[in-house]
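Structure record follows, encoded as structure tokens.
Note that this is a predicted model, so its numbers are computed, not measured. In what follows, chains are A, B, ... by sequence order, proteins preceding strands, each numbered from 1.
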2 protein chains.
Amino acid sequence: MLLNTRPNKTQPRRHSITGEGNRQRILSAAEEVFAAYGYNGGTVGMIAEQARLSKPNVLYYFPSKAEIYDRLLVSILDDWIGKMALFEQAGDEPADKIAAYIRGKIAFSRIRPNASRVFANEIIGGARNLEKAIHARLRPQLKKDVELVYCWIRDGKIDSIDPYHLFFLIWSSTQSYADFSAQIRMLLQKEQLETEDFKAAETFLINLVLKGLGLYAESGARTRG
Amino acid sequence: MLLNTRPNKTQPRRHSITGEGNRQRILSAAEEVFAAYGYNGGTVGMIAEQARLSKPNVLYYFPSKAEIYDRLLVSILDDWIGKMALFEQAGDEPADKIAAYIRGKIAFSRIRPNASRVFANEIIGGARNLEKAIHARLRPQLKKDVELVYCWIRDGKIDSIDPYHLFFLIWSSTQSYADFSAQIRMLLQKEQLETEDFKAAETFLINLVLKGLGLYAESGARTRG
DNA sequence: GTCTATATGGCGATAGAC
DNA sequence: GTCTATCGCCATATAGAC
């Protein structure tokens with residue numbers, strides 16, 4: 001029977017069930033706090049309050065504030081690189097791949113804006129805590145994607161452009177809807193960015209990039225010549 | 001005579017010559033420090049060291065760290081909005097105006113990267129210290145520029161796109177060469193971004209945006225069909 | 001105007017009871 | 001595992017001599 005396969009005594013694990021839950025709560029709370037106040041501006045006390053734990057209890061699950069931050073950065077980078085892998089899926093045609101890629105990045109900005117902000121803060125500050133991961137993980141992935149774009153250029157499927165700058169453009173323009181949402185919100189005079197705003201951004205970016213690469217020549221006609 | 005027109009006794013002024021010089025040195029130092037460590041991470045001691053002054057002497061010229069930061073933000077926003085005014089100059093044709101606009105923004109990223117980073121940090125953190133200035137100064141300027149783009153669309157000079165998102169794209173993609181230069185540098189495997197890198201970025205962005213807007217149909221031919 | 005010395009407060013981290 | 005209390009450090013800001 002199913003019930004008998006699991007003995008009564010607790011399985012050996014690094015932390016208890018509630019402990020793992022608390023660790024996750026702390027990381028989520030830290031994401032919110034560091035996004036809003038930066039690493040130095042955010043305090044363990046704020047994280048504790050956000051996670052509904054006491055300050056020493058937070059430091060029971062993590063040895064230090066710096067360690068919380070490091071763990072958080074790694075988890076964000078995992079997610080971020082995961083979105084990049086989208087480039088390997090989603091159809092064979094350049095237009096399909098690029099559109100899916102942009103959609104994935106916009107979705108990340110919409111769903112995990114605070115993760116994007118923590119990441120952005122770290123890079124603005126020099127990315128010292130990400131240097132190894134960028135070289136070891138992000139650069140190889142990017143290199144593969146760049147190679148693919150070069151193939152498209154060689155095969156005459158898209159215009160001849162610099163693939164690196166293409167990716168930098170897609171990253172910055174999609175992430176800005178998370179990182180700089182405060183400014184965008186104020187300029188659009190909205191309380192919050194809504195789903196429709198992200199959809200409008202997505203549509204705009206896909207159309208402009210595809211047409212800018214020489215794809216899309218058929219549907220991009222002007223209203224008048 | 002010219003010499004007689006200026007009496008010997010010193011003119012009344014808020015601060016002495018050297019004092020104004022020191023105030024400027026402090027703001028420059030603060031720009032560097034806040035860009036690298038954020039507002040909370042940067043200390044008055046670091047600013048003092050960078051400005052070659054003692055810590056209390058810095059606080060003689062400014063009443064508080066917060067006041068240094070506020071003054072710095074205002075001076076950066078002035079410069080930033082100054083670049084936006086470029087949109088009103090530089091030829092009548094949409095292509096000329098947009099190209100000049102992108103060049104101005106890229107130049108800002110190249111010449112004042114730390115200013116861009118301080119600005120970015122503030123916006124990521126919610127732009128609380130910029131809220132008034134954004135509504136009072138940035139939004140009216142943007143609105144004028146957006147109106148002009150709408151005219152171009154109505155006149156059939158460019159494709160029908162959302163002008164707001166066009167400006168957000170130009171801002172984020174140009175600023176990323178300052179704000180995220182650490183990441184870009186690592187991915188391009190360069191010690192520093194050089195003039196040629198900014199030039200490459202500028203060329204890429206201008207070509208992609210112009211073509212993406214339906215301009216540029218003549219020179220944007222693919223290498224093969 | 002510039003300095004040394006210091007008051008004051010807040011934060012990260014620990015001790016130790018429960 | 002969770003808490004209260006507290007230590008030690010560092011940063012802002014001021015006092016006051018020069």
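Here C:dT2 presents its C1' atom at 12 Å from CD1 of B:Ile26, a figure rounded to the nearest Å. Remark: P of D:dT2 and CZ of A:Phe62 are 13 Å apart, rounded to the nearest angstrom. For the pair B:Leu53 CG and C:dC3 P, the interatomic distance rounds to 7 Å; values are reported in whole Å. Across the protein-nucleic acid pair, B:Ile68 atom CD1 and D:dT12 atom C1' stand 11 Å apart, rounded to whole Å. If you take CD of A:Glu49 and P of C:dG10, they are 15 Å apart, rounded to a whole angstrom. Remark: P of D:dT14 and CD of B:Glu67 are 13 Å apart, rounded to the nearest angstrom.
Close to C:dT4, at under 4.0 Å from its OP1 or OP2, lies no side-chain N or O of B:Asn57. Listed pair B:Ser54 / C:dC3 meets the phosphate criterion, a side-chain N or O lying under 4.0 Å from OP1 or OP2. For the pair A:Tyr61 and D:dT2, the criterion of a side-chain N or O lying under 4.0 Å from OP1 or OP2 is met.
Ion pairing of B:Lys190 with B:Glu196 is present here, as a side-chain N (NZ or NE/NH1/NH2) and a carboxylate O approach within less than 4.0 Å.
Taking the six-membered ring where the residue is Trp, B:His165 and A:Tyr177 present tilted rings, their angle falling between 30° and 60°.
No side-chain heavy atom of A:Lys55 sits less than 4.5 Å from a side-chain heavy atom of A:Ile47. Contact of the B:Phe119 side chain with the B:Leu130 side chain is registered, since non-hydrogen atoms from C-beta on lie closer than 4.5 Å.
Environment of CZ in B:Arg71: sparse, with no more than 12 heavy atoms of neighbouring residues, nucleotides or ligands closer than 6.0 Å.
In this structure, B:Lys105 is positioned above the aromatic face of B:Trp80, its NZ or CZ under 6.0 Å from the six-membered ring centre and within 45° of the axis.
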Reading 5' to 3' through nucleotides 12-18 of chain C, protein heavy-atom contacts under 4.0 Å coded B for base, S for sugar-phosphate only, - for none: BBB----
